[in-house]
Colleague: 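This is the structure I have questions about; it appears just below.
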Amino acid sequence: MRIKLVLGFWLLGITLAWWAVAPSGAGLAPAAGAVGGGAAWWAARQQMIYLSGLWSVGLMVLAMLLALRLPWMDRALGGMDKVYRLHKWTGIAAALTAVLHWGAKESGGILKALWGRGSKPARDAVLPWLTDARDFAKDLGEWAFYLLLAMIALTLLSRLLNYKHWRLLHRAMPVLFLALVFHSVALMPLAYWSQPLGQLMGALMAVGSGAALWSLAGRVGRARTHAARIQSIELLGEERTLAPIEVVCALPSSWPGHRAGQFAFVRFDQAEGAHPFTIASAPDALGSSLQGEPLVRLVIKPLGDYTRTLHQRLRVGQPVDIEGPYGRFDGQGSAHRTQVWVAAGVGVTPFLALLEARQKESAASAPAHMHYCTRDAASDPLLPRLRTLCAQAQPAVPLTVHSAAQGQLLRPQDLQGLAGPLDIWYCGPQGLGDTLHAHASTQRSWRLHRESFAMR
Ligand SMILES: Cc1cc2nc3c(=O)[nH]c(=O)nc-3n(C[C@H](O)[C@H](O)[C@H](O)COP(=O)(O)OP(=O)(O)OC[C@H]3O[C@@H](n4cnc5c(N)ncnc54)[C@H](O)[C@@H]3O)c2cc1C
């Protein structure tokens with residue numbers, strides 16, 4: 001909902017600014033013959049080229065800003081995973097409006113075939129010092145457009161490219177953005193620059209270019225990155241390649257502290273990007289190291305190419321960069337609703353922290369019910385700890401375990417027996433989250449809060 005609202009407002013702002021300078025009625029009700037010789041269609045095409053171009057570059061600016069991972073965005077959008085989702089949908093919307101821009105430009109061929117070029121409007125003047133760069137700006141825009149489409153296709157068709165390579169390619173996006181800014185500045189009509197539209201777009205493109213350069217310089221999140229150290233490592237299970245590992249990290253005094261349910265970007269290896277992992281311990285729950293450094297716990301499941309190799313790579317004492325904390329998955333909904341926590345697989349990590357935070361009596365904690373979906377309850381290494389934390393929580397948290405090996409899959413209807421309107425907190429795989437979401441949208445008294453574990 002917030003994604004639609006933000007995108008809606010952003011596009012509305014740009015559209016209103018364009019509306020204020022668009023020639024009155026030009027191209028808005030094209031009627032061949034009314035103006036004669038298809039002139040209205042040519043005018044409509046020209047305005048559509050401008051408007052769709054403004055939309056596209058405006059959306060790219062928004063995507064660039066969202067990529068900065070600023071803490072106030074985390075607050076405004078209800079979590080950094082939501083900021084990422086908005087960033088992704090903004091990128092997709094930018095590509096769709098770019099298709100519209102390209103389509104409007106290509107429609108010139110059809111208009112020429114129908115009415116000839118006679119009634120085509122004259123080219124608008126552009127910034128004088130860029131007049132000679134017009135052709136270059138057009139070619140650059142066209143190539144950047146093709147690359148943008150390819151990037152969006154690789155993002156959506158995740159099987160085509162693994163995350164690691166996709167991420168490397170994605171780092172080129174600021175360069176593509178700067179190319180599109182040049183295209184826009186060189187081809188935007190001169191008359192726009194003296195109007196609020198030109199000032200708005202000029203400011204947006206300047207801010208977006210700053211964000212792109214910041215990103216290219218590798219500065220994103222650096223101010224929130226803390227040089228930590230691995231304090232201990234434990235394999236939680238017998239099978240080295242399948243068992244999760246528990247890593248306790250000692251943080252420097254610059255660490256601002258975290259709230260239960262938050263996550264951080266963790267870089268164990270300079271050659272590897274930072275990976276997001278939930279801080280699976282409550283604030284102060286692990287105390288501090290002998291050197292007085294606060295300790296936090298990560299529980300990492302070997303789910304992909306890199307995490308499968310972690311048990312071999314990590315060493316006690318190894319330096320590790322931790323950026324954060326981020327996120328607003330706090331399991332505290334409205335006091336008038338029943339709180340239901342649903343975890344699946346490694347999605348249990350934020351709940352481990354939330355439960356650990358409830359081990360001491362606290363008047364602020366509303367009662368909660370927990371559902372945990374696991375492949376096999378008999379061999380799940382995290383289940384004994386979860387049972388203890390639920391039993392000892394204040395107040396105790398009733399736990400229902402759904403073990404797939406025993407055919408006990410969770411169905412959204414299973415939650416229907418709980419009294420009152422529900423606040424459902426879900427963390428786990430996309431598929432079950434989507435099923436819960438589909439069911440929640442048919443239940444007026446359900447509110448679903450999701451922590452997304454995917455950032456592509
Ligand atoms: C907010 C959040 C909290 C998470 N908490 C935990 C946790 O507590 N324990 C746990 O085991 N896992 C957690 N994950 C998932 C974990 O980040 C991925 O399993 C891990 O990064 C996979 O890396 P890989 O290279 O081994 O896998 P790959 O096979 O390369 O990637 C699998 C998927 O992991 C995600 N991913 C991979 N690398 C990155 C990256 N650098 N940045 C962002 N996403 C990436 C992508 O969605 C990708 O499609 C969390 C994810 C998010 C978004």
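First listed ligand is number 1; within each ligand, the first listed atom is number 1. Since we're looking at a predicted model, the values are computed, not measured.
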Colleague: Below 4.0 Å from ligand 1: does a non-hydrogen atom of Ile300 turn up there or not?
Modeller: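 Yes, Ile300 has a heavy atom closer than 4.0 Å to ligand 1.
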Colleague: Heavy-atom distance to atom 9 (N) of ligand 1: which of Leu352, Thr278, Thr349, Val299 wins?
Modeller: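 Residue with the shortest heavy-atom distance to the ligand atom: Val299.
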Colleague: Do Gln270 and Asp321 meet the criterion of a side-chain donor-acceptor pair at a distance under 3.5 Å?
Modeller: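 Yes, a side-chain donor-acceptor pair sits under 3.5 Å.
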Colleague: Could you check which of Phe329, Tyr306, Tyr163 puts a non-hydrogen atom nearest to atom 44 (N) of ligand 1?
Modeller: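 Ranked by closest heavy atom to atom 44 (N) of ligand 1, first place is Tyr163.
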Colleague: Which ligand 1 atoms, with their elements, are less than 4.0 angstrom from a heavy-atom of Ala274?
Modeller: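 The atoms of ligand 1 under 4.0 Å from a heavy atom of Ala274 are 40 (C), 41 (N), 42 (N).
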Colleague: Between Arg313 and Asp269 (salt bridge meaning N to carboxylate O under 4.0 Å), is one present in this structure?
Modeller: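 A salt bridge links Arg313 with Asp269.
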Colleague: Side-chain donor-acceptor pair under 3.5 Å between Trp255 and Glu293, yes or no?
Modeller: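 Not at all, the side chains of Trp255 and Glu293 share no donor-acceptor pair under 3.5 Å.
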Colleague: Taking heavy atoms and a distance under 4.0 Å, where does Pro350 meet ligand 1: side chain, backbone, both or neither?
Modeller: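 Neither; no heavy atom under 4.0 Å.
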Colleague: What do we get for Arg167 next to ligand 1 when only non-hydrogen atoms under 4.0 Å count, side chain, backbone, both or neither?
Modeller: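 The side chain, only.
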Colleague: Could you tell me if the ring centre of Tyr50 sits under 6.0 Å from that of Tyr192?
Modeller: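 For Tyr50 and Tyr192, the ring centres are under 6.0 Å apart.
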Colleague: Could you tell me which residues satisfy side chain to side chain contact (heavy atoms under 4.5 Å, CB included) with Pro421, sequence neighbours excluded, listed by chain and number?
Modeller: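 With neighbours one apart ignored, the set is Arg337, Ser445.
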Colleague: Has Ala280 got any heavy atom lying under 4.0 angstrom from an atom of ligand 1?
Modeller: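 Under 4.0 Å: no for Ala280.
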Colleague: May I ask you to check whether Thr15 and Trp55 show a side-chain donor-acceptor distance below 3.5 Å?
Modeller: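 A pair is found: one side chain offers a donor N or O, the other an acceptor, under 3.5 Å apart.
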Colleague: So for ligand 1, is Lys301 a polar contact partner (N or O within less than 3.5 Å, distance only)?
Modeller: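 Looking only at distances, the answer is yes, because the N/O contact criterion of under 3.5 Å is met.
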Colleague: Would you say Phe263 and ligand 1 have an N/O pair spaced under 3.5 Å apart?
Modeller: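 No.
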Colleague: Does ligand 1 have a heavy atom under 4.0 Å from the side chain of Thr307, from its backbone, from both, or from neither?
Modeller: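 Both backbone and side chain.
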Colleague: Does the cation-pi check pass for Arg224 over Tyr326, that is, NZ or CZ under 6.0 Å from the six-membered ring centre and within 45° of its axis?
Modeller: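 Not satisfied by the 6.0 Å and 45° rule.
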Colleague: Any atoms of ligand 1 less than 4.0 Å from a non-hydrogen atom of Gly304? List them with their elements.
Modeller: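 The atoms of ligand 1 under 4.0 Å from a heavy atom of Gly304 are 24 (P), 26 (O), 27 (O), 28 (P), 29 (O).
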Colleague: Is it true that Arg450 and Asp434 have a side-chain N and a carboxylate O under 4.0 angstrom from each other?
Modeller: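 Salt bridge flag = yes for Asp434 with Arg450.
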Colleague: Just distances here: any N/O of Phe277 and N/O of ligand 1 closer than 3.5 Å?
Modeller: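 No.
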